[in-house]
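First comes the structure, then the notes that go with it.
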Amino acid sequence: MNQCFQIQVNGESRESRAGTTVADLLRDLDIKPDRVAVEVNLEIVDKGVFAQRSLQEGDRIEIISFIGGGR
Amino acid sequence: MELNDRLVIAGREFKSRLWVGTGKYKDFVETKKAIEASGADVVTVAVRRVNITDRSKENLLDYLDPKKYTILPNTAGCYTVEDAVRYARLGRAAGVSDLVKLEVIGNEKTLFPDTAGLIEAAKILIKEGFVVLPYTNDDPIVAQKLVDIGCPAVMPLAAPIGSGLGIRNPYNLKIILETVKVPIIVDAGVGTASDAALAMELGADAVLMNTAIAGAKNPIMMAEAMKYAVDAGRLAFKAGRIPRKLYATASSPIEGML
């Protein structure tokens, strides 16, 4: 069951295990979920389902946040 | 200052008519101090990847309380409709509101907007419930089209982003201000306080700037200068300036002269 596979997070390869959710990934990366948006394979994952959405082999995940910018 | 002179866009009320960007500052402390000095209650932010390798980096929102400021995500750096729509959706998912400052850039050197792409992206986002504030050219026809498709405000440029050239085409801006019946926020190109005052004197509802403050030798002092300039310009606009005349008109009476 403890099967490992590769995913892409913000363009970088990373190992993940079967059953890992978006919420798990954010915790592993030490990222607070309240100020980010997460996209899996170009689809935005609703904040409310971070703990339900599990990751699959080859998933391309983007974690974004706000930075200084403007004009 | 008239305290009830509030800016209202899509049912949201804003205290300040100076809106500021959060880029190009030395650090977050300077960002926070400059924004406080400017009195702005709307701040624009960019949507970018989180640095996952160096988690020690602080978050901008640790310095800007979203309860105190309206955080306005932009789609800066997007050159296609698809990218702009994607960034807008991500910004909404990361934030708390449906507001987006929509930019579809047409050229790297000028950073002028691709207005055809802008209208297309705006249509898609408005259908999805976004409140779209579009960064556009100083073109009255495009500005009206953006309103016709449902933008509750329009943000025409004064000059290229970061150029500091000031209001390059006050006559076009004046036409936009007279013909387009939504709040007009002059966005981009301001170099110094007099440029902001001029935009407001022309009748702009607000001014958005970043580089003019962040790039100044003393950003915090410049932020304060911009606050006064926007207030002064607004008051002068409301007070109604005298007409320009070619010849002198004496202020002192002739009567009673020796």
Side-chain angles (χ1 to χ4, degrees), chain A residues 2-71, chain B residues 19-25 27-28 30-31 43-53 55-57 59-64 66 71-77 82 86-87 89-96 101 103 111 135 155 157 161-162 187-190 207-214:
Chain A
N2 219 7
Q3 184 193 347
C4 287
F5 51 77
Q6 291 291 311
I7 56 173
Q8 290 262 326
V9 182
N10 287 3
E12 287 174 30
S13 285
R14 191 180 167 86
E15 197 151 272
S16 188
R17 284 180 315 281
T20 302
T21 65
V22 168
D24 296 331
L25 175 67
L26 292 177
R27 203 174 308 120
D28 288 350
L29 291 168
D30 193 23
I31 294 170
K32 285 187 216 151
D34 52 333
R35 287 169 183 171
V36 297
V38 177
E39 208 187 55
V40 178
N41 304 328
L42 300 175
E43 242 174 66
I44 291 172
V45 180
D46 195 278
K47 271 195 183 114
V49 298
F50 278 180
Q52 281 88 59
R53 176 64 192 258
S54 51
L55 302 175
Q56 313 286 323
E57 177 157 23
D59 275 350
R60 282 169 297 120
I61 297 128
E62 294 290 348
I63 305 168
I64 70 90
S65 183
F66 295 138
I67 65 148
R71 176 44 53 244
Chain B
W19 293 14
V20 295
T22 53
K24 298 186 182 173
Y25 286 100
D27 52 36
F28 288 146
E30 190 184 68
T31 311
V43 296
T44 64
V45 295
V47 172
R48 293 290 183 268
R49 278 175 167 166
V50 171
N51 186 340
I52 55 168
T53 44
R55 292 303 306 141
S56 64
K57 288 210 167 161
N59 189 308
L60 174 65
L61 294 190
D62 292 334
Y63 288 82
L64 297 172
I71 307 292
L72 178 58
N74 66 32
T75 63
E82 293 70 28
R86 184 183 182 196
Y87 277 69
R89 287 173 180 155
L90 284 167
R92 174 159 76 173
V96 284
K101 183 163 112 64
E103 302 184 19
L111 297 180
Y135 162 66
M155 310 181 79
L157 56 82
I161 293 171
D187 178 10
V190 166
V207 179
L208 171 57
M209 65 182 76
N210 189 157
T211 309
I213 296 174

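Just so we're clear, the structure is a prediction, and the values are computed from it rather than from any experiment. Throughout, a chain's letter reflects where its sequence line sits, starting with A, and its residues are numbered from 1.
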- Side-chain donor or acceptor of A/Asn10 paired with backbone N/O of B/Asn51 under 3.5 Å: no
- Task: Taking A/Ser65 for its side chain and B/Val50 for its backbone only, find out whether a donor-acceptor pair lies under 3.5 Å.
- Result: no
- Task: Over all heavy atoms of both residues, which pair between B/Gly91 and A/Phe66 is shortest? Give the atoms and the distance, please.
- Result: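 Residues B/Gly91 and A/Phe66, closest heavy atoms: O-CZ, 3.4 Å.
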- Task: Of all the heavy-atom pairs spanning A/Ala37 and B/Ala93, show the shortest one and how long it is.
- Result: CB-CB, 3.6 Å
- Contact leader toward chain A among B/Leu157, B/Leu90, B/Asn59, where contacts are heavy-atom pairs under 4.5 Å: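 Most heavy-atom pairs within the cutoff with chain A belong to B/Leu90.
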- Query: If you tally heavy-atom pairs under 4.5 Å against chain A, which of B/Ile71, B/Leu72, B/Leu60 wins?
  - Reply: B/Leu60
- Item | With B/Arg49 via salt bridge (Lys or Arg N to Asp or Glu O under 4.0 Å) - residues at least two apart | A/Glu62
- May I have all residue pairs that pass side-chain hydrogen bond (donor to acceptor under 3.5 Å, both in side chains) and include part of residues 44-54 of chain A, sequence neighbours excluded? none
Side chain to side chain, [X] and [Y], heavy atoms closer than 4.5 Å:
| X | Y | answer |
| --- | --- | --- |
| A/Ile67 | B/Val45 | no |
| A/Ile64 | B/Arg48 | no |
| A/Arg14 | B/Ile52 | no |

- Side chain from CB out, backbone as N, CA, C, O: work out which of these in A/Val9 comes under 4.5 Å of a heavy atom of chain B, or both, or neither.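 A/Val9 touches chain B through backbone and side-chain heavy atoms alike.
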- Message: Regarding B/Arg86 and A/Glu39, does a basic nitrogen lie under 4.0 Å from an acidic carboxylate oxygen?
- Response: yes
